[in-house]
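The analysis underlying the following values was restricted to heavy atoms, covering all of them including side chains, and did not include hydrogens, waters or symmetry mates. Quick note on labels: first sequence line is chain A, next is B, and so on, each numbered from 1.
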4 protein chains.
Amino acid sequence: MSSTFTKLIRGSTPAAELHGGAHHDATGKRERRKEARPGELLEAALDLFVEKGFAATRAEEVAARAGVSKGTLFLYFPSKEELFKAVVRENISGRFREWNDEFTAFEGSTADLVRFCMKTWWDRVGATRASGITKLIISEARNFPDIAAFYHDEVIKPGNDLMRRILQRGVDRGEFQVADMDYAIFGLTAPMVFLIMMKHSLGACAPKDFPLDPERYIASQADLLINGLLVRADTPKKSTGSRKS
Amino acid sequence: MSSTFTKLIRGSTPAAELHGGAHHDATGKRERRKEARPGELLEAALDLFVEKGFAATRAEEVAARAGVSKGTLFLYFPSKEELFKAVVRENISGRFREWNDEFTAFEGSTADLVRFCMKTWWDRVGATRASGITKLIISEARNFPDIAAFYHDEVIKPGNDLMRRILQRGVDRGEFQVADMDYAIFGLTAPMVFLIMMKHSLGACAPKDFPLDPERYIASQADLLINGLLVRADTPKKSTGSRKS
Amino acid sequence: MSSTFTKLIRGSTPAAELHGGAHHDATGKRERRKEARPGELLEAALDLFVEKGFAATRAEEVAARAGVSKGTLFLYFPSKEELFKAVVRENISGRFREWNDEFTAFEGSTADLVRFCMKTWWDRVGATRASGITKLIISEARNFPDIAAFYHDEVIKPGNDLMRRILQRGVDRGEFQVADMDYAIFGLTAPMVFLIMMKHSLGACAPKDFPLDPERYIASQADLLINGLLVRADTPKKSTGSRKS
Amino acid sequence: MSSTFTKLIRGSTPAAELHGGAHHDATGKRERRKEARPGELLEAALDLFVEKGFAATRAEEVAARAGVSKGTLFLYFPSKEELFKAVVRENISGRFREWNDEFTAFEGSTADLVRFCMKTWWDRVGATRASGITKLIISEARNFPDIAAFYHDEVIKPGNDLMRRILQRGVDRGEFQVADMDYAIFGLTAPMVFLIMMKHSLGACAPKDFPLDPERYIASQADLLINGLLVRADTPKKSTGSRKS
DNA sequence: TATGAATGAGTCTTCATTCAT
DNA sequence: CATGAATGAAGACTCATTCAT
């Protein structure tokens, strides 16, 4: 899709969005757009919460980025904290599910399934603005334990289950060998989480220092992982599963 | 590298700052002194910043956890932000370096080096309180771009270089085959970052839902990665392309 | 009297104010119209102002109770403060006057007149929703000195005058003996004010703790007062001085 | 004590108290007076709450009148509402009790006791700044039902009990005749409540229109009441207690 | 040095008032 | 006329920072 992180965050510069792009046709001020407001506010809030964290984001800033006044924000969300919860809810239930359901019918090698899964995740989740929610949750989990629990139930758990189903498919079909299934699934998870962190954190700060091409990253990590999982002719001497100490 | 460091350090040496740095007879004296009381403050601050983020952590809370009064905190650190910078500095320059230098003299298979590296990283960095600094930096990077840059120069860059050296060692010795070296290094980085995130974020919220045994995790990810890297007799083409059905 | 009234009224005639008062053909027309929708607003406002006070009553709440929207309120009253003034005006000029004029033609003993007066006051004023205006004025007098002055001129003064006329009638007819006429009139006023306070304040909070039967209260206080006023055969010296032991 | 209400409220003019009178000896700003602050704040708050009501009183105004900054107020009281509760608590438990206990040992005629009671009430309660608490409670009762209940339990109930004991003493000693004891006690209460209302409400607005001398008022009402209660030789024909309708 | 009372700029939140529909 | 979405000034409350002790 794009070759560097710079492109991924293109258009998110505050100044560029401060007075909106598409939804301000005319009439200047005092537009009445009851239906559209919550969505615009949630988008603005997502961006800012991801960028600065909950505490460092001012409510007025969210409102300004959504193109409304301070008071309007509180017309739709009773408090900053409720706005935060709505942001999380909105960006979880949305894209994750559809992505999640896409792999049951997959035919083809499990190696290809793994590649397809990661690639699709990037297109449907990672590359979208919603991906920041992961960074947000990780940053704020200790301040909002109930949200963390919610995220665990709605995303982490189903995500882990999906990873396990995929790996198990490979094992069942004699394609993969998995020594420690409970932990192997993180071989899929970790690269995706890492990519998100780069995208929304360090990669967003100094894009020059992180010329990370997401698609190439995804491809290389998928290959590495698949290689590590594939059943092979030569005896895999060293990998005997979990050795304590 | 060191110029960024200098910039961040400038004005942050607690004791020196307060007295204008002019009427001290020797430089060694103040260097020794600054660790006395500030040390406890830095530890408390690290814990709280990691847990709650910069903005949500109150200065008084830091002072209280360090067992001193609010005023004392500002006696050693001119501002909350300087405290933050000091926390980052303190926890980077410390353990990372010594860990970094440990692998040049390693003898044995590169697979073992990888295992040793990750295991040692866990013992020296991951398992310590200082590991939270990574979560902290990732959470706050966009609020403190200069700190992010500093962290990049001091940790990420050297870390990546180390990873590359290790993988290159494997390639040079005919043990590993690496298709895309620039991105393969993240195969080492991602699992470690992921573990830290779990430890300090979601894993700290609901330990029951994340019964993640770090050593087992490290071992399994290392094996998976090594497996993926090892030169093998069968099918040396890692990427089989997308064969449908 | 009427000059203060005029001042308060100025600009408060709801319908007139909005259109600059210039393009209305007849004055009678607007006089009739202003009671139509505003009436419900005034009733709602009276209830809420009495219950919660001026500052704690929200304009929207008044509108909602009157069954109209927030905007409509400001269609009839240019501001919350003008609404307040209108409420006071409305509930003073109304019932008090008619009650006030009822006693000139009274025949019978002055004791009965006192009883009749208090009883009638209860029926015409005290028992009505409008009685709350007294509590309201007392609560808000210092915030609205001009309204307090208006109330003084329109209610307190005429009320005191009435009390005085009644007592004087008793004295003139040889029924009552009054030592200090200027202050004796409060013997009539105080019980009525007290009853209103109970009704709209503490009595409205915990009706169980104040099972105050207004009619019985009125009757008992009237009797007590009349007893205190009646000329008697024995000891006509009311004040026996302070005899210790 | 003083001849008019004007004198009673002398010295309460905001401008006069804004920077305190007695407790600012020197040193200009940033005085450290931890012990004295709460009291000063409570006094300022009492005055303002009585004058303007809870909602219309700004926290900063209270602080300013107490001679401190906004923040200092919240150093001693966690919220405006807690300040309010503290004001009520402070001014109830204080003077009322000592006054309440003063009459058990009284020797002399019950008529004198009544006079003594009312006069003492004025000196100990009515004439003090604390008397405003009654006006405050009555104004705010519906907004703070729990405070109203508290006031009822702490003041109204004991007050009524005291009134009853006094009247009963008169009856027992053959001095008074009371037709309806339950309601007769308000013959004592009502004048005092009325006086407070005048003092803090209308009387404070337009002192010229209310040249009410409290002591003369107290004396006249006491005489009137006592007269109404005294057993007399001539048949008290009309006062047969409570006649409904 | 160390303390913690005091400060006041900065935020969240409310609500009277406006105005496009 | 009526509506209710939008506004923004105002007020409660927080907390980094100062400073008298």
Exercise for the section: Enter the distance from Ile147(A):CD1 to Phe150(A):CZ here, rounded to the nearest 0.5 Å. Expected result: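 One finds 8.0 Å between CD1 of Ile147(A) and CZ of Phe150(A).
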Practice task
Indicate yes or no for a side-chain donor-acceptor contact from Lys70(B) to the backbone of Glu60(B) under 3.5 Å, with no hydrogens or angles considered.
Solution key: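 Side chain of Lys70(B) to backbone of Glu60(B): no pair is present.
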Exercise for the section: Determine yes or no for a side-chain-to-main-chain donor-acceptor pair under 3.5 angstrom, with Thr57(B) supplying the side chain and Leu48(B) the backbone. Expected result: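 Yes, because the side chain of Thr57(B) sits within donor-acceptor range (under 3.5 Å) of the backbone of Leu48(B).
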When the distance from [atom1] of [X] to [atom2] of [N] is rounded to whole Å, what number comes out?
{"X": "Leu73(B)", "N": "dC19(F)", "atom1": "CG", "atom2": "P", "value": "17 Å"}
{"X": "Leu41(C)", "N": "dA2(F)", "atom1": "CG", "atom2": "C1'", "value": "12 Å"}
{"X": "Phe84(A)", "N": "dC12(E)", "atom1": "CZ", "atom2": "P", "value": "14 Å"}
{"X": "Lys34(D)", "N": "dT21(F)", "atom1": "NZ", "atom2": "C1'", "value": "14 Å"}
{"X": "Leu83(A)", "N": "dC12(E)", "atom1": "CG", "atom2": "C1'", "value": "12 Å"}
{"X": "Arg33(A)", "N": "dA6(F)", "atom1": "CZ", "atom2": "P", "value": "9 Å"}

Under a 4.0 Å threshold between the charged nitrogen and the carboxylate oxygen, would [Y] count as salt-bridged to [X]?
{"X": "Glu140(B)", "Y": "Lys52(A)", "result": "no"}
{"X": "Arg65(B)", "Y": "Glu43(B)", "result": "no"}
{"X": "Arg33(A)", "Y": "Glu40(A)", "result": "yes"}

For [X] and [N], is the shortest distance between a side-chain N/O and OP1 or OP2 below 4.0 Å?
{"X": "Arg32(D)", "N": "dG4(E)", "result": "no"}
{"X": "Tyr76(B)", "N": "dA2(E)", "result": "yes"}
{"X": "Ser69(A)", "N": "dT7(F)", "result": "yes"}

Exercise for the section: Quick one: list whatever passes side chain to side chain contact (heavy atoms under 4.5 Å, CB included) with Glu81(D), sequence neighbours left out. Expected result: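 Partners of Glu81(D) by the side chain to side chain contact (heavy atoms under 4.5 Å, CB included) criterion, ordered by chain and then number, come out as Phe54(D), Ser79(D), Lys85(D), Phe144(D).
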Handout entry: Intra- and interstrand pairs of DNA chain E - dot-bracket, Watson-Crick/G-U under 3.5 Å, | marks other strand
Key = .||||||||||||||||||||
Problem - Heavy-atom pair of closest approach, residues Ala63(C) and Ser69(C) - result: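 Between these two residues, the closest heavy atoms are CB-O, 3.5 Å.
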Do any N or O atoms of the protein come closer than 3.5 Å to N or O atoms of nucleotides 13-16 of chain F, and which pairs are they?
| unit_1 | atom_1 | unit_2 | atom_2 | d |
| --- | --- | --- | --- | --- |
| dC13(F) | OP2 | Lys80(D) | N | 2.8 |
| dC13(F) | N4 | Lys70(D) | NZ | 3.1 |
| dA16(F) | OP1 | Lys80(B) | NZ | 3.3 |
| dA16(F) | OP2 | Ala59(B) | N | 2.8 |

Exercise for the section: Report, as yes or no, whether the 6.0 Å neighbourhood of atom CD on Glu82(D) holds more than 12 heavy atoms from other residues, nucleotides or ligands. Expected result: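 Result for CD/Glu82(D): enclosed.
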